[in-house]
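Beneath this line is the structure, given in C-alpha cells, with notes to follow.
Computed over heavy atoms, backbone and side chain alike; hydrogens, waters and symmetry mates excluded. Since the structure is predicted, the reported quantities are computational estimates derived from the model, not experimental observations. Quick note on labels: first sequence line is chain A, next is B, and so on, each numbered from 1.
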Protein chains: 2
Amino acid sequence: MDDMKLTARGRATRQRIIEATGEQILASGIGGTTLDTVRAATLTSKSQLFHYFPGGKAELVREVAAWEGAQLLAAQQPHVDDLGSWESWSAWRAALVDYYLGLGRWACPIGSLATQAAATDPELERVIAESMGAWRDLLSAGVRKMQASGDVDASADPERIAMVILTAVQGGLVMSQPLRSAWPLEAALDSALDPLHRVRVGSEGA
Amino acid sequence: MDDMKLTARGRATRQRIIEATGEQILASGIGGTTLDTVRAATLTSKSQLFHYFPGGKAELVREVAAWEGAQLLAAQQPHVDDLGSWESWSAWRAALVDYYLGLGRWACPIGSLATQAAATDPELERVIAESMGAWRDLLSAGVRKMQASGDVDASADPERIAMVILTAVQGGLVMSQPLRSAWPLEAALDSALDPLHRVRVGSEGA
DNA sequence: CTAAGAATGGACCATGAAGTCCAATCAGGA
DNA sequence: TCCTGATTGGACTTCATGGTCCATTCTTAG
C-alpha cells in the first residue's frame with residue numbers, strides 16, 4: 001500500500017492531501033467530504049488523488065485515520081509516556097483538552113471516525129481499533145506505574161481504569177459537541193481520573 | 001410540519017417509514033441510508049416518502065431523531081421516573097444496557113446522530129439536544145432524590161453527576177462498538193454510578 | 001352512491017461524486 | 001544532454017441518489 005516511489009515533492013503532496021482530508025472529515029464527516037473539495041483545498045488534480053491513493057476515497061480515509069491516530073498520540077507527548085504521578089496525569093489531561101481545543105470543534109478525529117465508518121469499512125475499523133488500543137496501552141501503563149508507587153490500590157484493574165478514562169474522553173466529546181462547551185468533557189475526565197488521587201484534595205465542584 | 005391529514009393507514013405507513021429509516025441509519029449511518037433502500041424496506045414508493053416528509057431526507061432524519069429520542073426514554077421506563085434508591089438506579093442501568101443490547105449494535109441512536117449530523121443540520125441538532133436535555137433532566141432529578149434521602153452528599157452538583165453519567169453511556173458505546181463487547185459500556189456506567197452508593201459495597205473489579 | 005381527498009405507483013429528471021484515461025510536464029540520474 | 005519515470009492537469013464517463021410529476025387506486029364522509 002505504501003510501496004510507492006515517491007520523491008520529496010510527491011511525499012509533500014501526499015501528506016498535504018491527507019491533512020486537508022482530515023480537516024474536512026472532522027468538519028463535515030466522511031460523507032460531507034468529497035474528492036472534489038479535497039482537490040480544491042489542496043490545489044491538486046483528480047489524477048493525483050488516485051495516483052497517491054489507488055484505492056480511492058476508502059484508502060484515503062484509512063490513511064487519514066492512521067495519520068490522525070498518530071497525531072492524537074503525539075499531542076499527548078511527553079506526558080503520556082510518564083503518568084507516574086498525579087501531576088503528570090494532570091498535565092496529560094491539560095494537554096489533551098488543549099489538543100481538542102486546538103481542533104476547533106469538540107470531536108475526536110478517531111472516535112468520530114469510529115462511529116461513522118464502523119460497519120462500513122472493516123479495514124478502517126481495524127486501523128481505528130489499533131489507535132484506540134495503543135492509546136489504551138499507554139494509559140494502562142501509567143495506571144500501573146501509579147500502582148507500583150502505591151498511589152493507586154494494587155487490586156484495581158489497570159485495563160479497566162484505562163478504558164473508563166477513554167470512555168470519558170469519547171463520551172465527554174459527544175456531549176460537549178452539541179453544547180459547544182468544554183465542561184462535559186472536563187467533568188467526565190475529572191470524574192474518571194478521580195480514582196488516581198491517593199489523597200482526595202477536595203471536590204472540583206461546578 | 002405535522003399538520004397533515006392522515007388516515008389510520010397513512011399514519012401506519014408514515015410510522016413504518018420512520019422506524020425502518022431509524023434501523024438503517026443505526027446500521028449504516030445517515031450517508032449509508034438512501035431513500036431507495038428505505039423505499040425497498042418499507043414497500044413504499046418514492047412519492048410516499050415525499051408525501052409524508054415534504055422536506056425530503058432531511059425532514060425524515062429529523063423525525064427519526066425525534067422518534068428514537070422518545071424510544072430511548074421509553075426504554076428506561078419506569079425506572080427513570082424513580083431513581084430514588086440505589087436499587088432503582090441499578091434497575092435503570094440494567095434496562096438501559098438491555099435496550100442497547102436489543103438494538104443489536106453498540107451504538108446510541110441519538111448519540112451517533114449527534115456526531116454524524118452535528119454541523120450539517122442545525123435543526124436536527126436542536127432535536128438531538130432536546131432529547132439529550134430531557135434525558136439529563138430525568139437523571140439529575142434522580143440524583144436530587146438521592147440527595148434528599150441522604151444517600152448522596154448534598155454538596156454534589158446533580159447536573160454534573162447526571163452529565164457524567166450521560167458521558168459514560170455515550171463514551172461506553174463508542175468504545176464498545178469496535179470491541180463488540182458490552183464491557184466498556186458497563187465499566188463506564190459502573191464507574192459513573194459509583195458516587196451514588198452511600199455504602200461502598202466493595203469493588204466490582206474485573 | 002359518489003365525489004373529494006388521501007394514498008400509492010413508478011417513470012423521469014438533475015446533480016453531484018467517484019473513478020478512468022491520456023496527454024503534458026517536471027526532476028534526477030546515466 | 002537525454003531519457004525514464006514521477007508528477008500533474010483536466011476532460012470524460014458512469015452511476016447512485018435526491019427530488020419532481022402525474023396518473024391511478026383506495027377511503028370515507030355526506
Taking atom types as modelled and ignoring hydrogens, do the side chains of Asp36(A) and Thr34(A) form a donor-acceptor contact shorter than 3.5 angstrom?
no
dA17(C) OP1/OP2 closer than 4.0 Å to side-chain N/O of Arg39(A):
no
Separation of atom CZ in Arg11(B) from atom P in dA7(C), rounded to whole Å:
9 Å
Any Gln48(B) side-chain N or O less than 4.0 Å from OP1/OP2 of dA7(C)
no
Check the phosphate of dA7(C) against Ser47(B), side-chain N and O only, distance under 4.0 Å to OP1 or OP2. Yes or no?
no
Respond yes when some side-chain nitrogen or oxygen of Tyr52(B) is under 4.0 Å from OP1 or OP2 of dA6(C), and no when none is.
no
Rounded to the Å, how far apart are Lys46(B) NZ and dA11(C) P?
11 Å
Check against side chain to side chain contact (heavy atoms under 4.5 Å, CB included), Glu68(B) and Ile25(B):
CA-CA 11 Å; Glu68(B) 296 279 20; Ile25(B) 287 181; over 6 Å; no
Can a donor-acceptor pair be found between the side chains of Gln48(B) and Ser45(B) at a distance below 3.5 Å?
yes
Going by atom types only, do Arg16(B) and Thr13(B) share a side-chain donor-acceptor pair under 3.5 Å?
yes
Between Asp36(B) (CG) and dA11(C) (P), how many Å, whole number?
12 Å
Leu60(A) atom CG is separated from dG19(C) atom P, nearest whole Å, by 10 Å
Which residue lies more 5' along DNA chain D, comparing Ile30(B) with Arg9(B) via nearest heavy atoms:
Ile30(B)
Identify the 5'-most and 3'-most nucleotides of DNA chain D with at least one atom closer than 4.0 Å to a non-hydrogen atom of chain A.
dA6(D) to dA11(D)
Classify the nucleic acid contact of Thr33(B) as base, sugar-phosphate or nothing, counting any heavy atom under 4.0 Å across all strands shown.
sugar-phosphate
Using a cut-off of 4.0 Å on non-hydrogen atoms, how would the nucleic acid contact of Lys57(B) be classed: base, sugar-phosphate, or nothing?
sugar-phosphate
Report which part of the nucleic acid Leu49(B) touches: base, sugar-phosphate, or nothing (heavy-atom distance under 4.0 Å, all strands).
nothing
Rounding to a whole Å, what distance do you find between Glu59(A):CD and dG19(C):C1'?
14 Å
Which value, rounded to the nearest 0.5 Å, describes the distance between Leu49(B) atom CG and Leu60(B) atom CG?
6.5 Å
Taking the six-membered ring for Trp and the single ring otherwise, decide whether the centroids of Trp89(B) and Trp92(B) are under 6.0 Å apart.
yes
Answer yes if the side chains of Gln116(A) and Thr115(B) hold a donor-acceptor pair under 3.5 Å, and no otherwise.
no
Nearest whole Å is fine: how far is dG28(C) C1' from Lys5(A) NZ?
12 Å
Length of the CZ-P vector between Phe53(A) and dA18(C), whole Å
14 Å
